[in-house]
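Letters A, B, ... are given to chains in the order of the sequence lines, protein chains preceding strands, and every chain is numbered from 1. Only a predicted model underlies this, so the values are computations on that prediction, with no experimental measurement involved.
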Number of protein chains: 2
Amino acid sequence: MNTKYKYVSDAIEMDIEGGKYAKAGKLPTEDELIELYQVSRNTVRKAVDILVNRGIIMPIQGSGMFLRKIPAGGCINLENFHGLTATFADKITTRVIDFKLTQADEKLADVMQCAVGTSLYFVERLRSIDGVPFVVEYSHFNKDVIPYLNMEIIETSIYRYIMQDLKKQIGYVDRVIEAGRLNAHDAELLELAKGDPALISINRAMLKSGVVFDYSIDIHNYKETKFLKRSNFV
Amino acid sequence: MNTKYKYVSDAIEMDIEGGKYAKAGKLPTEDELIELYQVSRNTVRKAVDILVNRGIIMPIQGSGMFLRKIPAGGCINLENFHGLTATFADKITTRVIDFKLTQADEKLADVMQCAVGTSLYFVERLRSIDGVPFVVEYSHFNKDVIPYLNMEIIETSIYRYIMQDLKKQIGYVDRVIEAGRLNAHDAELLELAKGDPALISINRAMLKSGVVFDYSIDIHNYKETKFLKRSNFV
DNA sequence: TCGCATTTGTACGTATGTATC
DNA sequence: GGATACATACGTACAAATGCG
């Protein structure tokens, strides 16, 4: 089910990343994009809206649609979907610490909106970027949604597997971000000291149908991680 | 310049907050909202889109537009604009630590996209919620945009002053979130210990015209602060 | 300073597709 | 399979901000 606006949005984004509009610092006008992609104005505007919401461009009435400058130092853009693989792509290495089948206890059943006893995959992974330990991820996946997982999948990207192979559409992600202290276990994995600060992200991911399929706790290396959040107001 | 979609969006949001749809757990259908507000379908959809992007509702095709549950424990929603006053409203007290007129040095001129030597207001504030120290904010405001500030304004909400009194429209906010350690000064203000973890947010705010008017560094009490980020995918 | 062209923003209408119930 | 409800996509017209002459 491919849509025109998604196609246009992706095409524009790739052109931005390819540096096509870097010199001008702005996109072509709406009329030019209409001509270029042979779609209606609404479709161009819907495509552009996606990029606006992701903080990539900044339209200014009467003037144009300007590229937003990228802040220094590999931030994880919270609008990008599963930040890590989107931001660092091929630089990531993953070490699987634990991988097993479990059952939802009461607390997990509550946050994952499933029955107590539902089969869950539990995965603990250490992910490094250019060899530097970056984040310890404790993940729970609902086996009703993701019937099968293996080492190869969890060593690369589970999200890609869900979308490309299982053909399921990810709809919504809730993320709570806070700071805390490292326990001994996480500190060792991240090559930091027990009691050091930690940047913690607790995530709940849902399909378009609203079904929760992932609940995970990410303990980030505070020296290496920055989150970027860009907002637009109406 | 009041728009219909903003009116409808605000109206729906107030109804949600007032608990009008809590029992059903979902909004009226698009057709019902069209009838209710006497606007076109596109306008209803645009109004609803705002709430979707803010993570307040979750439309599911063929089914309805469902309310998204609010996570426990007073998170600051990163989609809400200037989180603090939006989230905690009347519980906030502000203590002004420092307030002076300065000039942009090279670093500030760079991030604020103004000339070196531009007049800036510098404000240091400690904000508490229900008497608990919550965040130390170090803010720089471009005096070309905000020609006048006084104690009363900085003790309440500068953003409200900009919008309601100066009638300027806030367009974009960039926010970088990281964790670090408290220095002695901030620790004392937050009633924590030097070296304790800190949740740090560094913000740049722009008007709709793209002019940067605020650059601020917020040092949050890590025991009290949680950020909430909700995303939708296409 | 004024006016005009450019460019994005708002609002309406219509038709058809697609997922859910 | 039919009804319901959200999603995509086309079109039109006018408003509002910017920028240039």
Select base, sugar-phosphate, or nothing to describe what Lys46(A) touches, counting heavy atoms under 4.0 Å on all strands. sugar-phosphate

Would you say Lys26(B)'s side chain and Ser63(B)'s backbone share a donor-acceptor pair under 3.5 angstrom? yes

Starting from [atom2] on [N], measure out to [atom1] on [X] and report it in whole angstrom.
| X | N | atom1 | atom2 | answer |
| --- | --- | --- | --- | --- |
| Met58(B) | dA5(D) | CE | C1' | 15 Å |
| Gln169(B) | dG9(C) | CD | C1' | 11 Å |
| Tyr5(A) | dG17(C) | OH | P | 17 Å |
| Met65(A) | dG9(C) | CE | C1' | 12 Å |
| Ile60(B) | dT20(C) | CD1 | C1' | 10 Å |
| Leu51(B) | dC6(D) | CG | P | 14 Å |
| Arg45(A) | dA11(C) | CZ | P | 12 Å |
| Asp49(A) | dT8(C) | CG | C1' | 11 Å |

More 5' along DNA chain D: Lys4(A) or Phe66(A), using each one's nearest nucleotide? Lys4(A)

Any side-chain N or O of Ser63(A) less than 4.0 Å from the OP1 or OP2 oxygen of dT7(C)? no

So, OP1 or OP2 of dT18(D): does either fall under 4.0 Å of a side-chain N or O from Lys208(B)? no

Is Lys6(B) paired with Asp10(B) through a side-chain N to carboxylate O contact shorter than 4.0 Å? yes

So, are Asp174(B) and Arg68(A) salt-bridged, with charged N and O less than 4.0 Å apart? yes

Tyr121(B) ring center within less than 6.0 Å of His140(B) ring center: no

Ring centers of Phe213(A), Tyr159(A) separated by less than 6.0 Å: yes

Below 4.0 angstrom, which residues in residues 24-43 of chain A have at least one non-hydrogen atom near DNA chain D? Val39(A), Ser40(A), Arg41(A), Asn42(A), Thr43(A)

Within residues 11-21 of chain B: residues closer than 4.0 Å to DNA chain D (heavy atoms): none

More than 12 heavy atoms from other groups under 6.0 Å of CD on Glu152(B): no

Please check if any side-chain donor atom of Arg175(A) sits under 3.5 Å from a side-chain acceptor atom of Ser201(A), or the reverse. yes

With a 4.5 Å heavy-atom cut-off, do Leu120(A) and Met112(A) have their side chains touching? yes

Run the salt bridge (charged side-chain N to carboxylate O under 4.0 Å, His left out) check on Arg230(A) and Glu79(A) step by step: do they pass? CA-CA 8 Å; Arg230(A) 288 180 150 169; Glu79(A) 303 305 338; over 6 Å; no

